[in-house]
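Structure, as structure tokens:
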Amino acid sequence: MFALADVNSFYASCEAAFRPDLKGRPIVVLSNNDGCVIARNKEAKVAGIQMGAPFFKVRQACEQHKVAIFSSNYALYGDMSYRVMTLLEEICPKVEIYSIDEAFIDLQGVSNCKNLETFGHEIRDKIDKCTGLKMGVGIGPTKTLAKLANHAAKKWSKTEGVVDLSLLARQRKLMALIEVGEVWGVGRRISKRLNAMGINTALQLADASPALIRKHFSVVLERTVRELRGEPCLEPEELAPTKQQIICSRSFGDRVSQYSLMREAICSHAVRAAEKLRKENRYCRHISAFAKTSPFADGEDYYGNCCSIQLQIPTQDTRDIIAAATKCLDDLWKEGHRFQKCGVMLGDFYSQGVAQLGLFDEIKPRANSEQLMAAIDLIHKDGKGRVWFAGQGVERSWEMKREMLSPAYTTRVNEIMKVRMI
DNA sequence: TCTGGGGTCCTAGGACCC
DNA sequence: TCTGGGGTCCTAGGACCC
């Protein structure tokens, strides 16, 4: 048995948790660069603000409904996520963190000592009491059914946030009510093709022949079918899987046409990517950089390109990664475009920097690399000072917009919430 | 004017090998 | 004129997730 617990409208709820004055008002959180709507509370959904809509298209509706609008504040959401996950780990036997706001809980053995639905309510109450965030809990014999149960827990308020699908009859009753596109693993494209085959509900998908589904789609969807029938195909993950790839990219606050600005941005993404790499304790050999113009710009030719470099020796030294990324940039740079976004990708990971060298190779690893990188990381971790690479620039006029950013309530002492006793 | 960022997995097809 | 069979590895692209 699995449970899937997730926080309702996570980003919007994090903002609301520190702003009791907004109670009852619609709240919306925007993506990086204040681009699209990526989270809405219940009131904002009622007001008809669409998920994923570009902000400029819903700005008027927001004003009309007095919506409170926030730029994304990942320092806040990351810290709140950490609190939620830590609490879950305190009260649940095995927790697998699946995303910033949801976790699978392996319920093996739990049903021997308590009713699963009761346990679901205990989880909800604990998180609500300690963080002010409301979770939905779905329970089922497979991860896919637990996901579906969670969906139902949020959709029907009379469930009070907990749905237990242990019994086959309940599974089938619920699946008959749910559109196939709501099933975990079925996106827009696949649901369209399924509809064309006459499969419209989750139940119809569960009753389809796995062999037929595999023939028309893939083993991935076949697994989904089996999971819907209660046959577990997705195992509980013991350890967090190691990353295969690290990507750091951002849209620019304003379009960039100047090489020097683009170079600063690429350097900065390279620096962040290298930090992530060291945090994962990995070394990489494959480095690439990409840049693209906006696909939505009328009357402009779209240009996007990606170039990469394979190093001789795996590295985790920021200087190597900057050098490679800027070399890639020079290969892809084209004058005369208004670029919208760029980024750096790392891949081909090793657990150490030493590779077998050829007999006549003249490459020598950098001296003191580890100490230097450790020193830089420490300075940033302490937060007592800042050092950066010259290539990152000083003004950084290309940086993204976050015009409606809330304070870092939980991670910066001088931005902590003040409470006045009256 | 203004459209996010960061990942995963699978498959098909080409290059290459014997 | 006739033009195999079986395999591996890599990459690009498509689909999905939050």
Side-chain angles (χ1 to χ4, degrees), chain A residues 4 6-11 28-39 50-60 62 69-74 77-78 81 97-104 143-144 147 150-151 180-194 213-224 233-234 237 240-255 269 272-273 276-277 280 286 288 290 292-300 302 304-306 308 310 338 340-349 399-404:
Chain A
L4 178 76
D6 81 341
V7 180
N8 302 339
S9 335
F10 181 56
Y11 297 169
V28 150
V29 178
L30 302 179
S31 64
N32 273 330
N33 220 24
D34 296 340
C36 317
V37 173
I38 53 167
Q50 287 300 307
M51 182 72 166
F55 179 48
F56 73 92
K57 283 191 183 169
V58 296
R59 173 171 260 156
Q60 243 190 344
C62 285
I69 302 158
F70 293 94
S71 304
S72 2
N73 182 346
Y74 286 99
Y77 313 147
S81 170
I97 298 172
Y98 177 68
S99 76
I100 192 161
D101 74 327
E102 61 188 310
F104 285 104
K143 286 184 170 180
T144 305
K147 266 275 201 190
N150 177 282
H151 173 76
V180 72
E182 302 288 351
V183 174
W184 190 36
V186 180
R188 274 231 310 279
R189 301 288 173 98
I190 288 180
S191 57
K192 219 171 174 183
R193 284 170 61 196
L194 286 169
I213 292 296
R214 183 178 192 145
K215 196 176 137 218
H216 287 290
F217 298 88
S218 68
V219 291
V220 186
L221 196 62
E222 182 194 354
R223 279 202 285 261
T224 301
C233 302
L234 304 167
E237 305 270 352
T242 50
K243 279 199 208 311
Q244 306 296 309
Q245 202 179 49
I246 288 172
I247 303 176
C248 287
S249 70
R250 285 277 181 281
S251 305
F252 300 119
D254 296 303
R255 301 279 182 264
H269 297 326
R272 274 201 306 139
K276 285 192 196 172
L277 185 67
E280 295 270 316
H286 194 84
S288 34
F290 69 89
K292 61 196 216 63
T293 63
S294 168
F296 302 104
D298 279 339
E300 279 180 48
Y302 175 78
N305 206 347
C306 179
S308 15
Q310 186 80 10
R338 295 168 65 240
Q340 176 240 355
K341 182 177 180 177
C342 73
V344 170
M345 298 188 277
L346 308 180
D348 196 10
F349 294 154
E399 272 187 335
M400 65 181 181
K401 290 191 179 121
R402 291 158 96 191
E403 285 168 357
M404 291 153 283

Over-ring placement of A:K292 relative to A:Y302, 6.0 Å and 45° cut-offs: no
Check every strand shown and say whether A:L30 touches a base, only sugar-phosphate, or nothing at a heavy-atom separation below 4.0 Å. nothing
Mind checking A:K401 for me? I need base, sugar-phosphate or nothing, with any heavy atom below 4.0 Å counting as a touch. nothing
Flag yes if more than 12 heavy atoms outside A:R214 fall under 6.0 Å of its CZ atom; otherwise flag no. no
Of residues 50-58 of chain A, the positions that come close to DNA chain C - non-hydrogen atoms, cut-off under 4.0 Å: none
Touch check for A:N32, heavy atoms < 4.0 angstrom, all strands: base, sugar-phosphate only, or nothing? sugar-phosphate
Regarding A:K192, tell me which of base, sugar-phosphate or nothing describes its non-hydrogen contacts under 4.0 Å with the strands shown. nothing
5'-most to 3'-most nt of DNA chain C touching chain A (<4.0 Å, heavy-atom partner on protein side) reads C:dA15 to C:dC18
With sequence neighbours excluded, residues passing salt bridge (Lys or Arg N to Asp or Glu O under 4.0 Å) with A:D34: none
Determine the contact category for A:R59: base if any of its heavy atoms lies under 4.0 Å from a base atom, sugar-phosphate if only primed atoms, P, OP1 or OP2 are that close, otherwise nothing. nothing
Contact class for A:R193 (heavy atom, under 4.0 Å): base, sugar-phosphate, or nothing? nothing
Closest to the 5' end of DNA chain B, once A:F296 and A:Q245 are matched to their nearest nucleotides, is A:F296
Which part of the nucleic acid does A:F217 contact within heavy-atom distance under 4.0 Å: base, sugar-phosphate only, or nothing? nothing
Heavy-atom nearest nucleotide on DNA chain B taken for A:S218 and for A:I38; more 5' hit belongs to A:I38
Parallel under 30°, tilted from 30 to 60°, perpendicular over 60°: which one fits the rings of A:Y98 and A:F104? perpendicular
Taking only residues two or more places apart in sequence or in another chain, which ones pass salt bridge (Lys or Arg N to Asp or Glu O under 4.0 Å) with A:D348? none
Does A:K401 have any salt bridge (Lys or Arg N to Asp or Glu O under 4.0 Å) partners at least two apart in sequence or in another chain, and if so, which? A:D254
Please state the C1' separation for the pair B:dC16 and C:dG4 - nearest whole angstrom. 16 Å
Pair pattern of DNA chain C in dot-bracket, where unpaired bases get dots and | marks partners in another strand, Watson-Crick or G-U under 3.5 angstrom: ....||||||||||||||
So A:R214, base contact, sugar-phosphate only, or nothing? Heavy-atom distance under 4.0 Å. nothing
